[in-house]
Structures are given as C-alpha cells and as structure tokens.
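Values in this document were obtained by computation on a predicted structure and should not be read as measured data. To find a chain, count down the sequence lines: A is the first, B the second, and so on, and within it residues start at 1.
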There are 2 protein chains.
Amino acid sequence: MLFKQLFEPESSTYTYLLACEDTKQAILIDPVASEIETYLDLLEQHGLSLVYSLDTHVHADHVTGAKLLKERAGSKAVLHRNSGVPCGDILVTDGCLLRIGSIEVEARYTPGHTNACTSYVVDNMVFTGDALLIDGCGRTDFQEGDAGTLYDSIHNQLFSLPDDTVVYPGHDYKGRTHSSIGHEREFNARLGHKQTREDFIELMKHLDLPYPAKIDVALPANKACGNVDADCKK
Amino acid sequence: MLFKQLFEPESSTYTYLLACEDTKQAILIDPVASEIETYLDLLEQHGLSLVYSLDTHVHADHVTGAKLLKERAGSKAVLHRNSGVPCGDILVTDGCLLRIGSIEVEARYTPGHTNACTSYVVDNMVFTGDALLIDGCGRTDFQEGDAGTLYDSIHNQLFSLPDDTVVYPGHDYKGRTHSSIGHEREFNARLGHKQTREDFIELMKHLDLPYPAKIDVALPANKACGNVDADCKK
C-alpha cells in the first residue's frame, strides 16, 4: 500500500493519501481545498485514480477539498450521514466498509467533537480526525459537541482497538505525526487511564477557548463539500 | 427519474433499474447474472452509466449479476456488511445513504430472512428484497434466518414508512408487481394487523418448506459477487 501523510500549515491539518499499488486506486482522508494541486500532482506522479475523498467531519478550521476533487479527479465525497451535507455521495453510518483494491476502510462513528465525526480504520491504522488527537482531543463547545459523548466514543470505538494501532490525527500543533492506541489509552493528558469520565467532562467545561477564527467561512463551505460560495447542487 | 422493473422468470426475481435523467447515472437493485445482456442493452439504449449494483441480500435462489456488472459496466457492488462478501465494494450498515445524481438511496437493515438483508428506500418506494413480499415474506429457516427478527425488522423498519410508500419486492410468484406499505401493514396474511409476533413465529415454524433447489450453487457464487467458480479476488 502506498501511504503519504501531508501537512497543511495554516490550519495544521493532516491529510492522508492511501493507494492500492495493484489497482492504482486511491483515497484521500481530510483533503484541504488550498492543497488541491499537490494532491493532483501526487496522483499523477504515481499513476493513481482517486476513488473517494473521505472527511472525518464537517471541519470548522479549514475548507475541505472534496468538491474540487469530485470535479477534477472524479472522486466520490464520503462522510457521516449526520453531517447533513447535501453534496456527499456516500453518507456512511457506523460499521460501513469501503473497499478500494486491497484497502479496506471501516467507518467508526466517534461523535463528541461534532455530531458527525467518524474515524476510519485501515489495517493497523486509525484516522481519528478531531476526535482523538495526540495527547489531547477535539474541543466540544460547538457543532453539537458534547464531552461525555466524546469520552464514550474514544473509549468504546478507539481505545478498544489493539495497542499497536497507529493513531493518525486530523491535526497536530507541535509537529508530532502519529501516536498509538496503547500510548494514548495510557498517557493522553485528557483521556489517559487516570482520567475518569467525570474528570474529562469537568476539564472540557473549563477550557475557555476562543471563538474559532475560520468557523463562519468553513462551516457553510464544508456543508457544500468545500464550495466557498456555498452553492453546491451535486 | 427513469425507473424499470424487470422480471427473471426462472427464479421469479424482480430487478430494478433506477437512473437520474440529468446525470445519466444508474443503479440496479438485485441484478440476475443470466440477464446481464438485457441490463447492458438497457444502459446503452438510454445512454446510462451504472454506478452501483445493490443486492438486498446474499440470495439462495439465483446468482447475482454484481461481478459481471463490475467487469462489464464498471459498477461497484453494494450489500450489507453482514453478508461477509469479500468482493463487495461498499458494505453498508443501517442508515447509510448513497447519492447518484438526484437519486438518494437509504439502506434500512431488515434482517430475519437472512442476517444480511437490507431494504433500500428511494423517494416513496421501498425495495424490500425477500424481507417483505406481497402478502407474504421470505422464509426464515436458513442463512441465520429468524422469525422474531424478521417480524421486528418489518414492523420497525418498513411498516414505519408512510402508508403510500410503494413496496417493490424481490420476488413474486403470482404476477403481482408492487404493493404499498399501508396495504401490507393491514392485509399481509402473515404480518398484517391481526397477526401478533407470537402468531408469526408460530406460523413460520410450521411452513415445512422444501430444501431450496439452488442454494448449494447460489450461496457460494453469491458470496463471490456472482462468480459461479467462487474465485472472486476483487
């Protein structure tokens, strides 16, 4: 399997390219609109055809490349049904599987940061979006966020994976690229083994975070698969 | 929307073609392998591109055309995750949505005839496979069938649809093409309003049906998307 982790510095977003080397079919997880040329170059360079772009959720901090990729690479836009995104092609629910050549992607519903968050499991990797971050987690104070729900999602849907599952988050602000389920279950400052559900809810209540800088642009655009004019008809 | 109901007489199977007239994208529900040329002719005649073939379950009475359609029309094979079919491209779970042009298909998990039965809702139509038949239902004595589960599926997932939802079944043996949810909820001989769950379980226990004639060929073939040599690698 071809695997690339890409970084968009303005929003510190990680995007992931996975491709089956036999069939030359590829997927992108959490593509960023501003990076579209990089993705198209990579696809061309490796002779890949993009089958799906998957979003882990409706992002509040950057604009998804889903619509541009539909138009320019012919891919289908995938995200959770609760996203309510009318231009999504495949709206998954918990447990859905997508197969792309030899790659099998399992959707695990992990709400709490938003009500449409989904993590994607591929082999021994899990792409956690903004649910589980390295030594942290997504905030829970907008988009139907809920700390108790996030705690349950992470414990039931992610910490139940094997210890050596590699965690690839949606963001990192300190240059870290990956972690493991075993490490996060033990040491994550907010969710590690010493933190109870009540501790976590209390902690999340008092983070006192600023209003997200890009949310007023990003949310309507992402509800239209990344169309900043929010006029996505298909 | 272009809509065609097709009939395969040997197994009395109904297959459904739905297409978006704007985008010329199409889906087939429960295609039969022996009828592949009919489907390809229809697609060509209307200038359609087949995006998905959907199976309502792993059939025991006929061989699906999913694999032939993948090869000859480039479609993706869709069925429920519980089917355990390794060559399925999209393995849905309850509530998944697939959008094809202006067509939105909702998967509703309706186990009981088999453990992988899914009905598909499109607008005011529901394609019920072998869960709900006209004035009857699928048998429950093989493939993890269970009468109580089927009763619950039909009541919770199908009879909860509006009265005027058109029921398009997977088979009919008496020449009937469709019914409605309102009619079946009231008059279905096995599941209508006079039948309790206990009545239904008791009735299904004593049907005394013969061993399905084609099951030994159909099941392994359908576990391989319709490859009668059961050697489907993708």
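- Two residues are said to be in side-chain contact when any heavy atoms from C-beta on lie closer than 4.5 Å; R99(B) and L91(A) meet this criterion.
- Shown here is Q45(B), whose CD atom has more than 12 heavy atoms of other residues, nucleotides or ligands within 6.0 Å.
- Counting all heavy atoms, side chain and backbone alike, V92(B) lies closest to C96(A) at CA-SG, 3.9 Å.
- Only the backbone of D94(B) comes within contact range of chain A, judged by heavy atoms closer than 4.5 Å.
- Residue contact with chain B, scored on non-hydrogen atoms closer than 4.5 Å, involves the side chain of E106(A) exclusively.
- Y109(A) does not touch chain B: none of its heavy atoms, backbone or side chain, sits under 4.5 Å away.
- Looking at V51(A), the atoms closer than 4.5 Å to chain B (heavy atoms on both sides) all sit in the side chain, from C-beta outward.
- Atoms CG and CG, on D89(A) and L97(B) in that order, are 11.5 Å from each other to the nearest 0.5 Å.
- Using modelled atom types, one side-chain atom of R81(B) and one backbone atom of G95(A) make a donor-acceptor pair closer than 3.5 Å.
- For V78(B), no part lies under 4.5 angstrom from a heavy atom of chain A.
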